[in-house]
K.L.:
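Questions regarding the structure given below will be posed in turn.
Chain A is the first sequence line, chain B the second, and so forth, proteins listed ahead of strands; every chain is numbered from 1.
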Protein chains: 2
Amino acid sequence: MSANSRFAVSVHMLAYLAHRQGAAVPSTEIAASVGTNAVVIRRLLSALVKARLVSTQKGATGGFTLAVFPAGISLLAIYRAVEPAPEHGMRRFAPNHQCPVGAKIEAILHGVFVKTQAAMEQELLQVTLAQIHQQLHAVCPRKK
Amino acid sequence: MSANSRFAVSVHMLAYLAHRQGAAVPSTEIAASVGTNAVVIRRLLSALVKARLVSTQKGATGGFTLAVFPAGISLLAIYRAVEPAPEHGMRRFAPNHQCPVGAKIEAILHGVFVKTQAAMEQELLQVTLAQIHQQLHAVCPRKK
DNA sequence: TGATTTGTAACACCTGTGGTTACATAATAT
DNA sequence: ATATTATGTAACCACAGGTGTTACAAATCA
């Protein structure tokens, strides 16, 4: 995963919208829950609106609502909506192609990264916002 | 994965040491293959020496050699040697604990990250430096 | 009309990363 | 012994990305 907090904040935001059950929630209210500035919230929600996960309305009584039922939103969809393409540190990696190792290592590493990325995304695909919502409202685990 | 190139460069370095078949290789030679400064190479190799994957010797005719056979070095071992603990962007994520969502979302997200990290590391565990070395020296794939 | 809210540009600040110089330390060759 | 070659590390700079903040236009509703 990346070094930024976009994904974590986005899941938090969407969980908050699910928690508010369809109400139009202004960015200031979400910002208070996340503990950051409202502009940061609107920036991220802008990406989620583009991805059709969230609806928005301007003006008084406006705000943000989920555009899809929580069960229809996987964490992978959220991840893809707000995270740029993963670079795996290959951005500044420019080996010497004159060297037999440097000439081929890039492609080999790329193959490794494709596999690790796929494994990670497979995990994200299996978790839905509905499950997150459920965990939020779960009571303390009973012993018995 | 992180935004830095430590892991990619480290795999490149170790693949180069495997390529040189036990010779003591100076940091300047590795730097030429990776395409960076020798100090950057020594910094990373320092971590790999601490992890017992690489041996080092000072002085003329000195340099770096693999401390373990390539088949005994997994990419996961390399990853753990040079990458700091993954933060998944949780460093600056400090939700409002007064809010019922903010109070529990951290723990829930942590559970998700543990799973994605484990899935990724499982992939890295299955690839050895010997396999990378083999791919480096593979001839072009024959058709039929 | 006035209040509220989104949308976005613009900017400053902080942090992590990588490149570079410098130099002490160690080991070898002659 | 001494010159040479290498590692080990500190110190510093430059750059990029991420986050917080202000500002303001545009849209919507009472």
K.L.:
Would you indicate which nucleotide in dG18(C), dG7(C), dT5(C) comes nearest to any side-chain atom of Phe64(A)?
P.N.:
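Output: dG7(C).
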K.L.:
Return the value, rounded to whole Å, for the distance between atom CD of Glu29(B) and atom P of dT5(D).
P.N.:
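My rounded result for the distance is 15 Å.
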K.L.:
If the condition is side-chain hydrogen bond (donor to acceptor under 3.5 Å, both in side chains), which residues does Glu106(A) pass it with, not counting sequence neighbours?
P.N.:
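side-chain hydrogen bond (donor to acceptor under 3.5 Å, both in side chains) check on Glu106(A) returns His97(A).
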K.L.:
May I have the distance from Phe93(B) (atom CZ) to dT19(D) (atom P), rounded to whole angstrom?
P.N.:
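My rounded result for the distance is 11 Å.
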K.L.:
If you look only at pairs with a residue in residues 62-76 of chain B, which of them pass as a salt bridge (charged side-chain N to carboxylate O under 4.0 Å, His left out), with sequence neighbours excluded?
P.N.:
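Pairs touching residues 62-76 of chain B that pass the test: none.
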K.L.:
Just to confirm, is there a sub-4.0 Å distance from OP1 or OP2 of dT6(C) to any side-chain nitrogen or oxygen of Thr56(A)?
P.N.:
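For Thr56(A), the contact criterion (side-chain N or O under 4.0 Å from OP1 or OP2 of dT6(C)) is not met.
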K.L.:
Show every side chain to side chain donor-acceptor pair (under 3.5 Å) that has at least one partner inside residues 118-130 of chain A, sequence neighbours left out.
P.N.:
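Found Arg80(A)-Glu121(A), Gln117(A)-Glu121(A).
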K.L.:
With sequence neighbours excluded, give me every ring pair (Phe, Tyr, Trp, His ring centres under 6.0 Å) pair touching residues 25-80 of chain B.
P.N.:
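Sorted pair list: Phe7(B)-Tyr79(B).
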K.L.:
Taking distance alone, no hydrogens or angles, what donor-acceptor pairs closer than 3.5 Å link side-chain atoms of residues 81-93 of chain B to residues at least two apart or in another chain?
P.N.:
residue  : atom : partner  : partner atom : Å
Glu83(B) : OE1  : Ser2(B)  : OG           : 2.8
Glu87(B) : OE2  : Arg91(B) : NH1          : 3.0

K.L.:
Does any pair with a residue in residues 7-19 of chain B pass side chain to side chain donor-acceptor pair (under 3.5 Å), and if so which ones, sequence neighbours excluded?
P.N.:
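Residue pairs passing side chain to side chain donor-acceptor pair (under 3.5 Å), neighbours aside: His12(B)-Ser33(B), Tyr16(B)-Glu29(B), His19(B)-His137(B).
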K.L.:
Go through Ile105(B) and Ile132(A) one step at a time and tell me if the side chain to side chain contact (heavy atoms under 4.5 Å, CB included) criterion holds.
P.N.:
CA-CA 8 Å; Ile105(B) 195 71; Ile132(A) 301 290; 4.0 Å; yes
K.L.:
Sequence neighbours excluded, which residues qualify as side-chain hydrogen bond (donor to acceptor under 3.5 Å, both in side chains) partners of Arg42(A)?
P.N.:
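For Arg42(A) the side-chain hydrogen bond (donor to acceptor under 3.5 Å, both in side chains) partners, ignoring immediate neighbours, are Ser27(A).
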K.L.:
Please report, rounded to the nearest Å, how far the P atom of dT17(C) is from the CD1 atom of Ile41(B).
P.N.:
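That distance rounds to 16 Å.
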K.L.:
Does Thr28(A) make a side-chain N or O approach to OP1 or OP2 of dT5(C) shorter than 4.0 Å?
P.N.:
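Result: no.
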K.L.:
May I ask you to list the residues of residues 75-91 of chain A, by number, that have any heavy atom positioned under 4.0 Å from an atom of DNA chain D?
P.N.:
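Hits under 4.0 Å, by residue number: Arg91(A).
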K.L.:
Do any of residues 44-54 of chain A sit with a heavy atom less than 4.0 Å from DNA chain D, and if so which?
P.N.:
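Those residues: none at all.
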K.L.:
Which residues satisfy the side-chain contact (heavy atoms from CB on, under 4.5 Å) test with Asn37(B), sequence neighbours excluded?
P.N.:
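Expected list: Val39(B), Val40(B).
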K.L.:
For dG18(C), take OP1 and OP2 only and decide whether either is under 4.0 Å from a side-chain N or O of Ser5(B).
P.N.:
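Indeed, a polar side-chain atom of Ser5(B) lies that close.
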K.L.:
Output a table of donor-acceptor pairs, distance under 3.5 Å, between side-chain atoms of residues 50-61 of chain B and any protein atom two or more places apart or on a different chain; print 'none' if there are none.
P.N.:
residue  : atom : partner  : partner atom : Å
Lys50(B) : NZ   : Ser46(B) : OG           : 3.3

K.L.:
Side chains of Val25(A) and Thr65(A): does their closest heavy-atom pair fall under 4.5 Å?
P.N.:
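Side chain of Val25(A) against side chain of Thr65(A), heavy atoms only: no contact under 4.5 Å found.
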K.L.:
Please encode protein proximity along nucleotides 20-30 of chain D as a string of B, S and -, counting only heavy-atom distances under 4.0 Å.
P.N.:
BBBB---BBS-
